[in-house]
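Only one structure is covered here, and it is reproduced in the block below.
Starting from 1, each residue takes its place in the sequence as its number.
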Amino acid sequence: IAIGLNNGNIIISKINNFIMPNEQFINIIDSLNEHTSSITSLLKLTHTKHLVSGSKDNKIIIWHKDASIDNKYKCKYKIEQHVAPISVLLQINDYSFISSSIDGRVKFWDMSNDTIHNKLSFGTRGCITASALLPNEYIVYATERGCLYLWNTKKRSCDICNGKHEGNVNQLVYVNNNDSLISIGND
């Protein structure tokens, strides 16, 4: 389990299945200390040994699990291309992810050749507070004004979705089994 803290640290821990008297429920395995401000988003890339973290320090850090040092995470890449805090990290596939920030930018990152590069970047109409990946390469994102936008990554076009919150949208969740989107806001 990876836990992001307000001081910018990330704690890697293991939960004990069977607790004996005087045993800890959670064992801390490692502490990652490269960020300088609160952790806002964590993402474990499936099928790789990478953990991706986003922070209020505007940085994205890609951590690699290093077998040569007892499977501890080491900083592999620091990405400093957003000018405001990272709000959301979303996995697209085994080697790609999206970062969004309250600077109003969404960026697509690819790691397929064991390097990191920005495949696509676009601006939005306001500060992004939440986003979700939908089927067929669509992304829905929300702003602090409560607006929802649908981005088609193939056509590279954006449409306004129906519905509007009265204020900040905190979370977007796509429910695959009934093909619906749930938006959670301050209203």
Side-chain angles (χ1 to χ4, degrees), residues 1-15 26-82 84-103 105-122 124 128-142 151-154 156 170-177 181:
I1 295 175
I3 303 165
L5 305 176
N6 285 336
N7 66 1
N9 292 342
I10 301 167
I11 301 297
I12 307 296
S13 60
K14 177 182 170 188
I15 296 178
I26 296 177
N27 287 335
I28 295 175
I29 298 168
D30 201 0
S31 179
L32 311 177
N33 307 313
E34 295 284 332
H35 284 289
T36 58
S37 191
S38 299
I39 304 298
T40 55
S41 191
L42 289 170
L43 172 65
K44 172 71 172 86
L45 294 178
T46 51
H47 306 297
T48 71
K49 295 182 179 185
H50 294 98
L51 175 70
V52 184
S53 58
S55 171
K56 285 187 175 179
D57 63 9
N58 310 347
K59 294 178 191 153
I60 299 166
I61 297 180
I62 299 173
W63 307 87
H64 177 73
K65 202 174 207 182
D66 192 341
S68 68
I69 54 171
D70 298 329
N71 282 323
K72 300 235 179 195
Y73 284 97
K74 285 178 55 177
C75 175
K76 187 170 184 175
Y77 301 108
K78 279 188 184 178
I79 302 169
E80 299 183 42
Q81 292 191 16
H82 285 285
I86 307 303
S87 55
V88 179
L89 297 169
L90 283 174
Q91 183 168 350
I92 299 173
N93 58 39
D94 292 346
Y95 300 98
S96 299
F97 67 94
I98 296 167
S99 64
S100 60
S101 169
I102 63 170
D103 64 7
R105 303 293 301 168
V106 175
K107 296 178 181 273
F108 292 72
W109 302 97
D110 181 66
M111 295 180 50
S112 57
N113 297 323
D114 203 34
T115 60
I116 185 77
H117 67 276
N118 183 230
K119 288 171 43 174
L120 174 68
S121 180
F122 64 90
T124 64
I128 297 170
T129 57
S131 58
L133 186 63
L134 305 178
N136 300 320
E137 299 185 37
Y138 282 93
I139 299 166
V140 63
Y141 63 90
W151 176 261
N152 182 329
T153 60
K154 290 179 183 174
R156 295 185 178 190
N170 301 314
Q171 191 170 9
L172 293 169
V173 178
Y174 175 69
V175 183
N176 196 12
N177 60 353
L181 180 72

Exercise: identify the closest heavy-atom pair between [X] and [Y]:
X: Phe97; Y: Met111; answer: CE2-SD, 4.2 Å
X: Ser37; Y: Ser55; answer: O-OG, 2.9 Å
X: Leu45; Y: Ser96; answer: CD2-O, 4.4 Å
X: Ser101; Y: Pro85; answer: OG-O, 2.8 Å
X: Ile29; Y: Ser13; answer: CD1-C, 3.9 Å
X: Leu89; Y: Gly54; answer: CD1-N, 3.6 Å

| Going through the distances and angles, do Val173 and Leu181 end up as a side chain to side chain contact (heavy atoms under 4.5 Å, CB included)? | CA-CA 6 Å; Val173 178; Leu181 180 72; 5.9 Å; no
| query | Can you name the side-chain hydrogen bond (donor to acceptor under 3.5 Å, both in side chains) partners of Ser99, sequence neighbours left out? | reply |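 So Ser99 forms a side-chain hydrogen bond (donor to acceptor under 3.5 Å, both in side chains) with His82, Trp109.
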| query | Would you find more than 12 non-hydrogen atoms of other residues, nucleotides or ligands less than 6.0 Å from Lys76 atom NZ? | reply | yes
| task | Would you please test Ser53 and Trp63 for side chain to side chain contact (heavy atoms under 4.5 Å, CB included) and show each step? | result | CA-CA 8 Å; Ser53 58; Trp63 307 87; 2.9 Å; yes
| task | Please examine the side chains of Ile1 and Ile12, heavy atoms only from C-beta on, and report whether any two atoms are closer than 4.5 Å. | result |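 Contact flag for Ile12/Ile1 side chains = no.
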| field | Sequence neighbours excluded, every pair satisfying salt bridge (charged side-chain N to carboxylate O under 4.0 Å, His left out) that has a member inside residues 27-48 | value | Glu34-Lys78
About how many Å separate [atom2] of [Y] and [atom1] of [X], when rounded to the nearest 0.5 Å?
X: His35; Y: Thr40; atom1: NE2; atom2: OG1; result: 8.0 Å
X: Leu51; Y: Leu43; atom1: CG; atom2: CG; result: 7.5 Å
X: Leu42; Y: Ile3; atom1: CG; atom2: CD1; result: 9.5 Å
X: Ile60; Y: Ser41; atom1: CD1; atom2: OG; result: 9.0 Å
X: Ser38; Y: Ile86; atom1: OG; atom2: CD1; result: 13.0 Å
X: Asp57; Y: Thr36; atom1: CG; atom2: OG1; result: 4.0 Å

| field | Stepwise side chain to side chain contact (heavy atoms under 4.5 Å, CB included) check, Leu32 with Asn9 | value | CA-CA 6 Å; Leu32 311 177; Asn9 292 342; over 6 Å; no
| After noting the C-alpha distance and the side-chain angles of His64 and His50, does the key distance pass the side chain to side chain contact (heavy atoms under 4.5 Å, CB included) rule? | CA-CA 5 Å; His64 177 73; His50 294 98; 3.5 Å; yes
